[in-house]
Amino acid sequence: MPSNDVRTLLQTAVPTAAAGAVAAAISAGVVGGKGALGAIVATIVVILFMGIGLMVLQRTARSLPHLFQAMGLMLYTAQLLLLFIFVAAFKNTTMFNPKAFAITLVATTLVWIGAQARAHMKAKILYVEPESESDKGKKPKNTGSRS
């Protein structure tokens with residue numbers, strides 16, 4: 001994985017994990033151990049889903065740049081639907097507190113999206129490929145006609 005990809009992943013995963021830790025502490029104080037467990041599970045689910053999605057999106061941007069925007073919209077829609085499915089699947093669980101799970105899931109997803117937007121704005125991404133050493137001596141091809 002290129003260093004920019006790792007940097008973006010770290011800049012999004014670390015704030016999300018921190019928000020999850022805060023949510024786990026609050027849930028433990030309000031609901032108890034089951035609340036903390038629900039918050040931890042939700043944080044892990046968000047980091048896994050969104051991290052995998054970020055890696056897929058970055059791979060798509062490199063290999064199929066013309067599909068990048070459509071792939072991003074489809075990916076975020078699919079991720080949000082999967083997160084809603086997780087909330088619905090675990091709404092009657094007794095393993096952890098489902099309310100703490102759902103609230104933490106939404107909160108950490110919002111933190112992830114905000115951190116990802118910030119990381120993208122801070123990234124120094126070239127929109128023009130720099131000229132390589134082997135290209136400097138070559139003359140540009142004449143593709144148009146002279147008037």
Side-chain angles (χ1 to χ4, degrees), residues 1-28 35-93 95-147:
M1 188 183 290
S3 65
N4 284 341
D5 298 349
V6 173
R7 188 177 305 120
T8 301
L9 188 61
L10 283 175
Q11 288 176 345
T12 53
V14 170
T16 304
V22 169
I26 291 171
S27 297
L37 183 61
I40 291 168
V41 169
T43 303
I44 291 170
V45 166
V46 168
I47 290 173
L48 283 176
F49 274 23
M50 299 302 224
I52 290 169
L54 180 63
M55 291 187 318
V56 167
L57 196 57
Q58 288 172 338
R59 175 173 263 159
T60 301
R62 265 191 303 282
S63 61
L64 303 166
H66 59 285
L67 293 178
F68 179 69
Q69 186 175 18
M71 182 71 169
L73 291 171
M74 184 197 69
L75 182 70
Y76 286 128
T77 303
Q79 285 174 333
L80 289 176
L81 287 173
L82 283 172
L83 291 175
F84 283 128
I85 289 170
F86 261 81
V87 170
F90 290 112
K91 79 176 176 186
N92 293 324
T93 187
M95 186 173 77
F96 51 78
N97 187 298
K99 220 175 208 179
F101 174 77
I103 291 170
T104 303
L105 197 72
V106 170
T108 53
T109 299
L110 292 174
V111 169
W112 179 281
I113 291 170
Q116 188 174 1
R118 183 181 183 278
H120 182 71
M121 288 175 19
K122 292 269 187 189
K124 293 180 171 79
I125 300 170
L126 299 174
Y127 56 91
V128 176
E129 289 190 34
E131 198 174 85
S132 67
E133 290 294 322
S134 62
D135 292 340
K136 287 185 180 179
K138 295 181 182 177
K139 290 184 181 179
K141 293 181 182 178
N142 188 3
T143 57
S145 61
R146 288 191 169 171
S147 304

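Residue numbers count from 1 along this sequence.
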Colleague: Considering all heavy atoms of both residues, which atom of Gln116 and which atom of Leu54 are nearest to each other, and what is their separation?
Modeller: NE2-CD1, 3.1 Å
Colleague: Going by the side chain to side chain contact (heavy atoms under 4.5 Å, CB included) test, name the single residue among Val41, Leu110, Thr108, Val111 that passes it with Val46.
Modeller: Thr108
Colleague: Could you tell me the separation between the CG atom of Leu82 and the OG1 atom of Thr77, rounded to the nearest 0.5 Å?
Modeller: 11.0 Å
Colleague: Could you tell me the separation between the OG1 atom of Thr60 and the NE2 atom of His66, rounded to the nearest 0.5 Å?
Modeller: 10.5 Å
Colleague: How many angstroms lie between CE in Met50 and CG in Leu80, if you round to the nearest 0.5 Å?
Modeller: 6.0 Å
Colleague: If you compare all heavy atoms of Ala102 against all heavy atoms of Val87, which two are closest, and at what distance to 0.1 Å?
Modeller: CB-CG1, 4.2 Å
Colleague: So which of Ile40, Ile47, Val45 actually passes side chain to side chain contact (heavy atoms under 4.5 Å, CB included) with Thr43?
Modeller: Ile47
Colleague: Looking only at heavy atoms, which two atoms of Ala28 and Ala36 are closest? And how far apart?
Modeller: CB-CB, 3.8 Å
Colleague: Give every donor-acceptor pair under 3.5 Å between a side-chain atom in residues 10-17 and any protein atom, sequence neighbours left out.
Modeller:
from  : atom 1 : to    : atom 2 : distance (Å)
Thr12 : OG1    : Thr8  : O      : 3.0
Thr12 : OG1    : Leu9  : O      : 2.9
Thr16 : OG1    : Thr12 : O      : 2.7

Colleague: Would you call the rings of Phe90 and Phe96 parallel, tilted or perpendicular if under 30° counts as parallel and over 60° as perpendicular?
Modeller: tilted
Colleague: Measuring from atom CE of Met71 to atom CZ of Arg59, what distance do you get when rounded to the nearest 0.5 angstrom?
Modeller: 11.0 Å
Colleague: Going from CZ on Arg62 to CD on Gln58, what distance comes out if it is rounded to the nearest 0.5 angstrom?
Modeller: 6.5 Å
Colleague: Give me the atom names and distance for the closest heavy-atom approach of Phe49 to Gln79.
Modeller: O-NE2, 3.1 Å
Colleague: If I compare all heavy atoms of Gly35 with all of Ala100, which pair ends up nearest, and what's the gap?
Modeller: O-CB, 3.6 Å
